[in-house]
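Both backbone and side-chain heavy atoms feed into the values below; hydrogens, waters and symmetry mates do not.
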Amino acid sequence: MSAGEQRGRKPRADVQRNRAALLETAQRHFLRHGVGTSLEAVAKEAGVGPGTLYRHFPTREALLAAVLQTRSEELVVRRADIDRLGDPAEALERWLRAMEEYFSAFSGLPDPLMAAARAQEPDNPLTIPCHILISATDQYVRAAQLAGRVRASVRGHDLFLAACSVAWIKGTGTEEESLDRLRTLLASGYLEPDTQA
């Protein structure tokens, strides 16, 4: 069989099963123990050796990116709902809250996401998901800017990092009332005064 034929073949059933088991187990461990959970424990619970885990996911970031991909459907649905809003400032606010909740899925998740967004390393598997979210945020920012509701100097990257920061603070057990005050403070920093008031 030629190399081209081998590349065109579907992965073996056991390979697919191992990958699915690793993703399901990793998601449970991330939920219970945060993103710093033991990868060896993930492999053991999934019924595979560490070598199998690292063949599928060479780094913690690769595993985390794959798990986040499986959880992204809810964010896609929320974005579709947000896109139907008529007020671009409200759409931006709702999108920031949706990202904040997405970033709060696992304890410690904001740290590797912020690192990937800052470093913009092409070989970091989290860089592409971050770029996608930053690009979506830019679209909401531009729409709100065109409506005169957001300052011209604001960028999607800035608000992506702000949402990560709020999610990080949320993960420390800060009460919701304090988080709401923080969100208001962030918003007052990027919203233009309402000229119709």
- Message: Within this structure, what is the CE-CD1 distance for the pair Met99 and Ile134, rounded to the nearest 0.5 Å?
- Response: 8.5 Å

- Query: Is there a donor-acceptor pair under 3.5 Å between the side chain of Asp81 and the backbone N or O of Arg78?
  - Reply: no

- When rounded to the nearest 0.5 angstrom, what distance separates CD1 in Ile169 from OG in Ser104? 10.5 Å

- Task: Kindly indicate whether the side chain of Val141, heavy atoms from C-beta on, has any atom under 4.5 Å from the side chain of Gln145.
- Result: yes

- Is Ser165 reaching over with its side chain to a backbone N or O of Leu161, donor-acceptor style, under 3.5 angstrom? yes

- Taking all non-hydrogen atoms of both residues into account, name the closest pair between Gly156 and Asp138 and its distance. N-OD1, 2.7 Å

- Message: I'd like to know if the side chain of Thr174 and the backbone of Lys170 have a donor-acceptor N/O pair within less than 3.5 Å.
- Response: no

- Query: Near Ile128 CD1, under 6.0 Å, is it more than 12 heavy atoms from other residues, nucleotides or ligands?
  - Reply: no

- Query: What orientation do Phe30 and Phe106 show, parallel under 30°, tilted 30 to 60°, or perpendicular over 60°?
  - Reply: tilted

- Under 3.5 Å, is there a donor-acceptor pair between the side chain of Thr52 and the main chain of Val48? no

- If you round to the nearest 0.5 Å, how far is CG of Leu179 from CD of Glu100? 6.5 Å

- Item | Smallest separation among heavy atoms of Leu22 and Ala43, with atom names | CD2-CA, 4.1 Å

- Quick one: pull up CZ in Arg94 and CD1 in Ile82 and give me the separation to the nearest 0.5 Å. 7.5 Å

- Query: Do the side chains of Leu23 and Leu31 join up, straight or via other hydrophobic residues, at under 4.5 Å, putting them in one cluster?
  - Reply: yes

- Query: Taking all atoms of both residues into account, what is the closest heavy-atom pair of Ser153 and Asp158, and its distance?
  - Reply: O-OD2, 4.2 Å

- Task: To the nearest 0.5 Å, tell me how far Thr137 OG1 sits from Leu96 CG.
- Result: 6.5 Å

- Please answer whether the main-chain N or O of Arg79 pairs with a side-chain N or O of Arg84 as donor and acceptor at a distance below 3.5 Å. no

- Message: Taking ring pair (Phe, Tyr, Trp, His ring centres under 6.0 Å) as the cut-off, I'd like each qualifying pair that reaches into residues 54-92, sequence neighbours left out, listed once.
- Response: none

- Under the side-chain contact (heavy atoms from CB on, under 4.5 Å) criterion, do Leu133 and Trp95 qualify, and how do the steps go? CA-CA 10 Å; Leu133 294 174; Trp95 173 247; 3.9 Å; yes

- Item | Flag side-chain contact, heavy atom, 4.5 Å: Leu159 against Leu92 | yes

- Measure the spacing between CD of Glu24 and CZ of Arg19 and express it to the nearest 0.5 Å. 13.5 Å

- Message: Between Asp87 and Arg149, is there a side-chain heavy-atom distance shorter than 4.5 Å?
- Response: yes

- Message: Could you report the tightest heavy-atom contact between Leu126 and Pro112, atom names first, then the distance?
- Response: CD1-CB, 3.8 Å

- If only atom types and distance count, is the side chain of Thr184 paired as donor or acceptor with the main-chain N or O of Asp180 below 3.5 Å? yes

- Message: Would you say CD of Glu177 has more than 12 non-hydrogen atoms from neighbouring residues, nucleotides or ligands within 6.0 angstrom?
- Response: no

- In terms of heavy-atom contacts, does CD of Glu74 have more than 12 from other residues, nucleotides or ligands at under 6.0 Å? no

- Query: Can Arg60 and Asp111 be counted as an ion pair, charged N to O under 4.0 angstrom?
  - Reply: no

Using a 3.5 Å cut-off and no angle test, enumerate the donor-acceptor pairs between side-chain atoms of residues 62-73 and protein atoms at least two apart in sequence or in another chain.
| from | atom 1 | to | atom 2 | distance (Å) |
| --- | --- | --- | --- | --- |
| Thr70 | OG1 | Val67 | O | 2.5 |
| Arg71 | NH1 | Gln27 | OE1 | 2.9 |
| Ser72 | OG | Gln69 | O | 2.8 |

- Message: Contact between Cys164 and Phe160 at the side-chain level, heavy atoms closer than 4.5 Å - yes or no?
- Response: yes

- Query: Less than 4.0 Å between a side-chain N and a carboxylate O, is that true for Glu40 and Lys44?
  - Reply: no

- Message: Looking at Ser135 and Ile132, would you say the former's side chain and the latter's main chain have a donor-acceptor pair under 3.5 Å?
- Response: no

- Taking only Lys NZ, Arg NE, NH1 and NH2, and the carboxylate oxygens of Asp or Glu, determine whether Arg183 and Glu93 approach each other closer than 4.0 Å. no

- Task: Taking all non-hydrogen atoms of both residues into account, name the closest pair between Tyr102 and Leu109 and its distance.
- Result: O-CD2, 3.7 Å

- Does some side-chain heavy atom of Tyr140 sit less than 4.5 Å from a side-chain heavy atom of Pro88? no

